[in-house]
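The structure appears below as structure tokens.
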2 protein chains.
Amino acid sequence: MCASFRRTARALTSFYEEALRPTGLRATQLTILQALSRAGEVSQGRLGGILAMDSTSLTRTLAILRRRGWVAERRGKDLRERLLRLSRGGAAKLKRTTPVWDGVQARLSAKLGERGWKNLLRLTNQVTDLVADKGGAL
Amino acid sequence: MCASFRRTARALTSFYEEALRPTGLRATQLTILQALSRAGEVSQGRLGGILAMDSTSLTRTLAILRRRGWVAERRGKDLRERLLRLSRGGAAKLKRTTPVWDGVQARLSAKLGERGWKNLLRLTNQVTDLVADKGGAL
DNA sequence: CCTAGGTGGATGTATATACATCTATCGTGG
DNA sequence: CCACGATAGATGTATATACATCCACCTAGG
């Protein structure tokens with residue numbers, strides 16, 4: 001099951017990234033911008049929870065996104081925390097990229113069918129919840 | 001969809017690797033040994049096709065597996081090709097690891113149900129086939 | 001106030017993965 | 001046989017990702 005999911009994730013990533021290439025955003029980076037757009041200002045740890053990802057893994061990816069000016073961070077009352085949010089430039093980038101992303105999804109959705117698409121999203125989220133303790137749907 | 005699959009793949013990988021840790025095999029490495037066990041002697045490019053993975057990405061992972069003595073390679077008639085196969089040590093390692101792997105899968109299968117499990121495998125393979133040109137079910 | 005244990009991230013290290021590019025080799029038309 | 005375009009991997013570079021460990025900071029008990 002793990003191998004099947006990893007394999008499909010590779011295939012899907014390749015499919016999405018081919019379309020996203022002209023935008024200069026990697027699939028993972030777009031995902032983070034989308035998550036921040038929905039979540040508002042969140043700590044790095046909380047973002048890791050949302051993405052079912054080790055929060056320390058985010059340190060490097062976020063460094064890239066900050067360098068490019070798409071993500072801003074500040075200290076909260078708890079000085080250990082990094083509160084992350086989409087910067088103005090990040091919001092603009094996300095807005096410009098969304099049509100491309102919609103296009104890929106539409107092409108895939110056409111192959112899977114509306115019902116298959118929704119079913120698959122539901123199932124993958126269910127599996128994530130089953131094996132990850134912390135949750136918070138993407 | 002890409003983000004959902006990547007997210008679930010991360011969660012599943014973490015779930016499997018926690019169980020596999022005592023064996024010293026990473027999930028990806030186990031997958032390659034299993035693939036070689038089923039496929040017999042194959043070229044690197046063919047293995048990449050089976051795993052829906054860029055064949056040049058395999059160069060590094062295979063180097064690790066060869067260093068550990070689990071995978072053997074030889075030149076074929078076509079001197080550009082690397083023909084890969086499970087070494088004797090690799091077969092032994094795979095055999096020792098399989099019970100652990102079975103255990104994880106059983107635990108997950110118990111949560112998903114036999115029917116849900118098979119359904120999910122079928123769907124993921126279907127998606128892979130839809131977005132990847134080359135195939136060959138895992 | 002002060003200390004002890006806990007928590008949020010940063011950093012070191014290892015693996016996973018892709019793509020562009022390079023090299024060796026292959027097969028074919030001349 | 002030979003030059004040329006095609007193919008299999010190797011290599012350079014960048015990102016994605018995890019875990020162990022470290023440091024700073026927090027919180028609660030004394």
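In this text the structure is predicted, and so the values were computed from the model without any measurement.
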Quick check for you: among [options], whose closest atom lies nearest to any side-chain atom of [X]?
X	options	value
A:D78	C:dT17, D:dC26, C:dG9	D:dC26
A:Q29	C:dG9, C:dC19, D:dT15	D:dT15
B:Q44	D:dG9, C:dT17, D:dA18	D:dG9
B:T56	C:dT17, D:dA18, C:dA20	C:dA20
A:S14	D:dT17, C:dC19, D:dA16	C:dC19
A:R80	C:dA16, D:dC26, D:dA18	D:dC26

Euclidean distance, atom CZ of residue B:R10 to atom C1' of D:dC19 [Å, nearest integer]: 16 Å
Tightest non-hydrogen contact, residues B:A19 and B:R107, listed as CB-NH2, 3.8 Å
Using the rule salt bridge (Lys or Arg N to Asp or Glu O under 4.0 Å), only one of A:R80, A:R74, A:R82 pairs with A:D78; which is it? A:R80
[N] OP1/OP2 closer than 4.0 Å to side-chain N/O of [X]:
X	N	value
B:R21	D:dC19	yes
A:T59	C:dT11	no
B:R6	D:dT17	yes
A:R75	C:dG8	no
B:R82	D:dA10	yes

Option from A:T28, A:T124, A:L12 for which side-chain contact (heavy atoms from CB on, under 4.5 Å) with B:R6 holds: A:T28
Heavy-atom nearest nucleotide on DNA chain D taken for A:K77 and for A:S57; more 5' hit belongs to A:S57
5'-most by nearest nucleotide on DNA chain C - B:R60 or A:V42: A:V42
If you pin A:E81 and B:I64 to their nearest nucleotides in DNA chain C, which one's is more 5'? A:E81
Is it the case that the side chain of B:Q105 and the backbone of A:M1 share a donor-acceptor pair, with hydrogens and angles ignored and the cut-off at 3.5 Å? yes
Interatomic distance, A:W70 atom CH2 to A:L62 atom CG [nearest 0.5 angstrom]: 13.0 Å
